[in-house]
Structure formats: C-alpha cells, structure tokens
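Everything below concerns the one structure shown next.
Only this structure's heavy atoms are used, side chains among them; waters, hydrogens and symmetry mates stay out. In listed order, ligands and their atoms are each counted from 1. Index from 1, following the sequence.
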Amino acid sequence: MQTIYENFIQAAETMQAKPLFERPGEPSISYTQTRELVERLAAVLGEVGVAPGDRIAVQVEKSPEAIALYLATLQVGAIFLPLNTAYTGAEIDYFIGDAAPRLFVCDPGTFAAHAHRAGPTLAVETLGASADGTLIERARGVTPREDAHPSGPDDRAAILYTSGTTGRSKGAVLTHRNLASNTEALLDCWRFTAEDRLIHALPIFHTHGLFVAANMSLTAGATMIFLTKFDAEQAIDLMADASVLMGVPTFYTRLLKSDRLSRETTAGMRLFVSGSAPLLAEDHRAFQDRTGQAILERYGMTETCMIASNPYDGARIPGAVGMALPGISVRVTDRETGAALADEEIGLIEVKGPNVFEGYWNMPEKTASEFRKDGYFITGDLGQIGKDGYLRIVGRDKDLVISGGYNVYPKEVEEAIDALPGVLESAVIGLPHSDLGEGVTAVVVPRSGVVLDPQQITAALADRLARFKQPKRVFMVESLPRNVMGKVQKAELRRLFADTYA
Ligand code: ATP
Ligand code: MG
C-alpha cells in the first residue's frame, strides 16, 4: 500500500506544472512547486531535530504552506498533529502537555505568546498565511531532502484531536494505512479524478478538510480552489469553474439563502458532498428543487475517517448516510447487551476496517473500552440500518434522553418540531429531572420574523408524539450554539438550561 506522501509524489511526477492550489487573486501553486516546498520543509524539520515518530503540533492559519508542512511531516516519518486555530493558551497547554511534540508551529502573530514553550525537547517555529514565518525563511536556505523515511502502513501518520462535542477532545492516533485506505475508498466511491476541481473551504485541522478533501485531491492529481473561509456568494461564483464542493451542513443552509443558487449557477458542478454533522432532510430536498442536484451525504469521524456514504449512482436519500465504504464493515448493536441487532432496530453503530484508528493517544483504558473483542470500534453514535441497506444516524449515545425509563431519540422529536409552521430548527436535550430521571426539553429557533409561543409547540406535538416523547419544556432561542464544523453544541445547551426542573 502506498502512503499519502507516496501518492502525492506520484501525482507530482505526473501533474508537474498543473496547479494543486488555486486562490482567488493570488498566484496558483503547482504540483512541482508544492513538492519543492515539501522537500525543503522536510530538510528544515531535520535541522530542527525532528526524528521519525516525533509529533509536530501545528496551529496555523489555512494555507498551501500548511499542507506542504503536513506532507513534509509524513516524508520524514513524523506524526502530524493539527490544532484548531480557535484554541487559546490553556487549551494549547493541554494539547502540548498531552502530545509532547518535538516541534510546535504557530502563526507568526502568536509567536510571542508561545515563545516561552521552547526548550531542550520542544522547538517553536512559525508559519504564516502569506508564505511567511521562520519555517519558510529557513526553507529558502536549505538543500531540499529528496528521500523519504520508509514508513510502513502501520506506522503512525497523525494524531487528530476530536472536536470535543461531547467532552474533552481525545487524540486519535491514525496510521498511514488508515489515511491511504480511506482516500482510496473515497476516490472510487465519488469517482474523484485528476479532472476534478474542488472548492475547498473547510478548515484543515479537521478530518473533513485534511483527510477527506486534501488527501483525495493531492492523491488524484486534482486542483483545489483553496479558500480560507466559506462565503456562499463567492462559492456560487466559483462553481462555474469547479466540479465538486465538500461542505458541512451549514454551507448548504447558507447557499440556500442566496437567490443566486439555481440550476444555471450550479450546472458545471458534478458533486456536492455534505458531512461532519447531520444535514437537514429539508435542506437536502430544497437544494435538489433549486439545483436539480442531490447532495451526497456521508458519515465519518476523527477516529475512523469516513465510514459510510450515499451512492454516487443510485438514490441519495435525505436523512440517510448510505452504505459502508468498500472494505469497511458496519453493524448496529444493542446499547445494553452489545448483541447485534436486526435491520431497522436502533442501537450503537460499530465499525471495523482499515480505516479504524490505532487508539486514543495516552488513553489505554478509554481505547480498550471503545473496542469490542472482535475488533469493532464503538462509534458512540446511535443509528439503524434500514431494509433498504442504508444507515441512518439517530443521534449520539450521549445525547439519548432516558425519561421515566423510556428511550427518547432526540432526532425523532426534533423532526416533529422542525415540521411545525414557523420553526427553523430545534435541538432536543435531556435535563436532570427528580421524578423522571431526565426531562425531555426542546430548544427551538423560530423562522426570522416569526414569533412562536412555547405552548403552541407543546400543543401541536400532543397528537404527533407519544406522551413520553413530548417535551416537558420548550425554550425559544435566536440560534443554536454551533462549533466551526456546524455541530450543535448540546453539552452547552444542557449547561445553559441545567436547572430547568430543579
Ligand atoms: P468528540 O468526540 O470530541 O465529542 P466529535 O464526535 O464531534 O467530538 P468529530 O470526530 O469531529 O468529533 O465528529 C464525528 C461525529 O460527527 C460523529 O461521531 C457523528 O456524531 C457526527 N457526524 C459526522 N457526519 C455526520 C452525518 N453525516 N450525520 C450525522 N452526524 C454526523
Ligand atoms: Mg466523537
């Protein structure tokens, strides 16, 4: 099996002067230019003292140079550890303490705040968004390193911290096999080739932007239109000259707000992918009505890269995440007993395959408890496999509400609420309740300009849901708290409304 680095070198040899990166208003960067930078950075990493197996923690703005640093890390056999740009001092302390990197790379603008970290075991260098910083300066003066450390498929390639939606972020240790096998499966599944021009507007410290979007592009020999943030109008302008968009659900919500989204403006695009959080079935349908294109929703997580995808050919079903990717097995098990469940039954989603990570960094007990004896990884998501063979995600196990001894799946209640007139979206959570254990609670966002009364919602649900599923309290809010990947922060909602039934 070839590693991602080897895939890139192979693509670079074929693609040469073809752009790997294009950026509006800035010169594009070819495969050959990227390769030269990668090889220079690899030489710099050697100078800094990075050895195979060392971690390189990176908290930098999105740039082609940051992708080059990722590839250089793989070239020298070190472990890439990207960090969310939103993390601040105390959070960085935790990640550096936990991962014990040999090198920390930060933005030139934050160097002053991090300089104190430098010591005999940790070097601190900088990399800026405009091809600046100490790494780039040093790269200019070195002889490029052409040979690569001979990494095997089971050697570690990256530690990626989870998004921290359900608790403290965990470091998922990913091997070269994890990354390369998943890239191969996705290229095949989505028919992604060198002909593709990808609108890349995702952050690159997350699995979606780095291990799906970038790995696929640089393996296929495709071109990325590399944007530092997502702007719906700009994306629509770019669609005339692009072929694929990979986005989180909020990209699609925002595109739908533009009256320029139409069959004509999207005519050149062959594929719209959504993932990282549930895509509203309503947005899926609205997008298809407006553009004639069905968004392809897929499911994955930091620990496993991508697991399942709606088909390229065949029905892309709203509210479903499709079938397991080639080479990957998915099953649904009882959350109490762990026994495999029949079709349609709701339980824990478990996954096994070459995509599944090695384990959590520094967390042997946690790792052991998340794996079954037969090697399946317990994702922590609840779902069901329909008679049609499609996997549907019902929510996270940690978000399941148990009220009066009954399981209440938030998604079912949310869908009933979202279907009511005047409702934009909702989040259903369980809050401590002395009598019921947990009280079903709805947090509802009305459509703009609409005033909704909580009692209207409660009354409208009375004949739509069994009594135990009906929210005991309904709160109106202007918007739901989301992180940069568009994930609703239910833990924050639980904190906010914690005393509701106290
Ligand atoms: P943490 O594990 O730290 O709580 P996180 O699970 O949000 O954070 P990620 O690995 O970024 O961290 O996210 C993976 C999760 O995102 C999945 O377990 C699943 O809950 C959710 N997810 C991803 N794709 C989809 C999808 N298409 N539909 C619904 N949920 C999805
Ligand atoms: Mg998770």
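For atom 24 (N) of ligand 1, the closest non-hydrogen atom on the protein side is S276 N, 3.2 Å. The protein non-hydrogen atom at the shortest distance from atom 7 (O) of ligand 1 is T165 OG1, 2.5 Å. Summary of contacts: the protein heavy atom closest to atom 12 (O) of ligand 1 is S163 N, 3.2 Å. The protein atom (non-hydrogen) at minimum distance from atom 14 (C) of ligand 1 is M301 CB, 3.4 Å. From the protein, the heavy atom lying nearest to atom 17 (C) of ligand 1 is D381 OD2, 3.2 Å. The single protein non-hydrogen atom nearest to atom 25 (C) of ligand 1 is A277 N, 3.7 Å, given as residue, atom name and distance. Looking from atom 9 (P) of ligand 1 to the surrounding protein, the closest heavy atom is T302 OG1, 3.4 Å.
Taking distance alone, with nitrogen or oxygen atoms compared against 3.5 Å, T379 stays at or beyond that limit from ligand 1. Any N or O atom pair closer than 3.5 Å counts here, and R396 shares at least one such pair with ligand 1. Inclusion of Y299 in the set of residues having an N or O under 3.5 Å from an N or O of ligand 1 is not warranted.
Side-chain contact between L348 and Y376 is absent, with no heavy-atom pair separated by less than 4.5 Å. Side-chain contact between T175 and P153: absent, with no pair of heavy atoms (C-beta onward) separated by less than 4.5 Å.
Contact annotation: H206 has at least one heavy atom less than 4.0 Å from an atom of ligand 1. At least one heavy atom of R298 sits less than 4.0 Å from an atom of ligand 1.
Relative to the six-membered ring of F104, R102 misses at least one condition, a distance below 6.0 Å or an angle of at most 45° to the axis.
One finds the CD1 atom of I307 at 7.5 Å from the CD1 atom of I393 (value rounded to the nearest 0.5 Å).
Remark: side-chain polar atoms of T367 are paired, donor with acceptor, to backbone N or O of Y360 under 3.5 angstrom.
Applying the side chain to side chain contact (heavy atoms under 4.5 Å, CB included) test to P278 and every residue at least two apart in sequence or in another chain returns nothing.
Centroid-to-centroid, the aromatic rings of Y70 and F205 stay 6.0 Å apart or farther. F251 and F272 have their aromatic ring centers separated by at least 6.0 angstrom.
Contacts with ligand 1 closer than 4.0 Å are made by side-chain heavy atoms of V321 only, the backbone lying farther away.
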Please report, to 0.1 Å, the donor-acceptor pairs under 3.5 Å made by any side chain of residues 160-170, with sequence neighbours excluded.
residue : atom : partner : partner atom : Å
Y161    : OH   : D98     : OD2          : 2.7
T162    : OG1  : K170    : N            : 3.0
S169    : OG   : T162    : O            : 2.8

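Tested against I204 for a side chain to side chain contact (heavy atoms under 4.5 Å, CB included), the candidates I67, V58, V60 yield a single pass: I67.
Numbered from 1 in the order shown, with element, the atoms of ligand 1 that lie under 4.0 Å from a heavy atom of G300 read 14 (C), 17 (C), 23 (C), 24 (N). In the vicinity of K487, heavy-atom distances shorter than 4.0 Å reach the ligand 1 atoms 7 (O), 9 (P), 11 (O), 13 (O), 14 (C), 15 (C), 16 (O).
Summarising the contacts of atom 28 (N) of ligand 1 with M485, R168, K170, E297, the nearest heavy atom is found in E297. For atom 1 (P) of ligand 1, the candidate residues are G164, G322, G383, G380; the nearest heavy-atom contact is made by G164.
In E195, the CD atom is not crowded: 12 or fewer heavy atoms of neighbouring residues, nucleotides or ligands sit closer than 6.0 Å.
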